[in-house]
Participant: 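One structure is given below, represented as structure tokens, and several questions about it will come after.
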Amino acid sequence: MTRLIFLGPPGAGKGTQAKTLAAFLQIPHISTGDILRQAIQDQTNLGMQAQGFMDKGELVPDKLVEDMVKERLQQPDAITGWILDGFPRKVTQAEFLAELLTSLGQGGEKVINLDAPDESVITRLLGRGRKDDTEEVIRRRLEVYRDETAPLINYFTDRQKLLTVNGNQSQEEVFTDLKNIIAA
Ligand code: ADP
């Protein structure tokens, strides 16, 4: 049973690594960003509520993502484990998740902090070309990361759940480190 939370600045390669590792472990990769982008594309209620926030690089309101995660973790494929990518993104969401996992009887989760310096994440994001990857929005997403998400590093360290991997290496090297750290 593997339950992993991926943490890290936007552009650290979190999405790619989380997806590859989930396929390798044969567990679902649950990316709140992917779910939200799909909802926007499908023009669902959720998508319409989230779009304005995402376009500006702001976090969407907790309730929207929390409901989404709560529903997703109860799907049958999530019983054997999961990788959460992009959630929690702030302390209130982490507190919500802790309670949710207790109520679902899903515990033992570890948090992987994929670390990367600002210069390398900006370069990566600018090269990616997603709609919210313009310079201004990237700057805002990094600010939001620093103010809201980075405090989770201490939060999970205090709870002895944090494992750190250097994201400033080749994809193959990061993947090797990830496999080693979760096997340890
Ligand atoms: P990245 O890690 O590249 O910044 P994501 O795909 O994880 O991007 O997220 C893209 C956007 O989706 C965020 O900027 C935010 O607006 C929204 N989002 C994703 N996850 C959350 C979350 N847990 N809470 C609030 N907003 C979120």
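Every number for a ligand or one of its atoms is a count from 1 in the order of the listing.
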Participant: Do Val65 and Ile5 sit in the same hydrophobic cluster, where Ile, Leu, Val, Met, Phe, Trp and Tyr count as joined when their side-chain heavy atoms come under 4.5 Å apart?
Facilitator: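 Cluster IDs for Val65 and Ile5 match.
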Participant: Is the number of heavy atoms from other residues, nucleotides or ligands within 6.0 Å of CD (Gln171) greater than 12?
Facilitator: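 Atom CD in Gln171 is not packed in, count stays at 12 or less.
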Participant: Answer yes or no: is there a side-chain heavy-atom contact under 4.5 Å between Ser31 and Phe6?
Facilitator: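 Heavy-atom side-chain distance check fails, nothing below 4.5 Å.
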Participant: Val144 versus Leu59: any side-chain heavy-atom pair under 4.5 Å?
Facilitator: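 In short, these two side chains touch, coming nearer than 4.5 Å.
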Participant: Below 3.5 Å only, please: the N or O atoms of ligand 1 paired with protein N or O atoms, distance on each line.
Facilitator:
from: ligand 1; atom 1: 2 (O); to: Lys14; atom 2: NZ; distance (Å): 3.0
from: ligand 1; atom 1: 3 (O); to: Arg128; atom 2: NH2; distance (Å): 3.1
from: ligand 1; atom 1: 3 (O); to: Arg141; atom 2: NH2; distance (Å): 3.4
from: ligand 1; atom 1: 4 (O); to: Arg89; atom 2: NH2; distance (Å): 3.3
from: ligand 1; atom 1: 4 (O); to: Arg141; atom 2: NE; distance (Å): 3.2
from: ligand 1; atom 1: 4 (O); to: Arg141; atom 2: NH2; distance (Å): 3.3
from: ligand 1; atom 1: 6 (O); to: Arg37; atom 2: NH1; distance (Å): 2.9
from: ligand 1; atom 1: 6 (O); to: Arg37; atom 2: NH2; distance (Å): 2.9
from: ligand 1; atom 1: 7 (O); to: Arg89; atom 2: NH1; distance (Å): 3.1
from: ligand 1; atom 1: 7 (O); to: Arg89; atom 2: NH2; distance (Å): 3.1
from: ligand 1; atom 1: 8 (O); to: Arg130; atom 2: NH2; distance (Å): 3.3
from: ligand 1; atom 1: 9 (O); to: Arg89; atom 2: NH2; distance (Å): 3.3
from: ligand 1; atom 1: 16 (O); to: Glu58; atom 2: O; distance (Å): 2.6
from: ligand 1; atom 1: 20 (N); to: Thr32; atom 2: OG1; distance (Å): 2.8
from: ligand 1; atom 1: 20 (N); to: Gly86; atom 2: O; distance (Å): 3.3
from: ligand 1; atom 1: 20 (N); to: Arg89; atom 2: NH1; distance (Å): 3.2
from: ligand 1; atom 1: 23 (N); to: Gly86; atom 2: O; distance (Å): 2.8
from: ligand 1; atom 1: 23 (N); to: Gln93; atom 2: OE1; distance (Å): 3.0
from: ligand 1; atom 1: 24 (N); to: Gln93; atom 2: NE2; distance (Å): 2.9
from: ligand 1; atom 1: 26 (N); to: Val60; atom 2: N; distance (Å): 3.1

Participant: Hey, could you give me the CD1/CZ distance between Ile27 and Arg3, rounded to the nearest 0.5 Å?
Facilitator: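 Rounded to the nearest 0.5 Å, the CD1-CZ separation comes out at 9.5 Å.
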Participant: Would you say Lys179 has more than 12 foreign heavy atoms packed within less than 6.0 Å of its NZ?
Facilitator: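 Yes, the 6.0 Å shell around NZ holds more than 12 heavy atoms from other groups.
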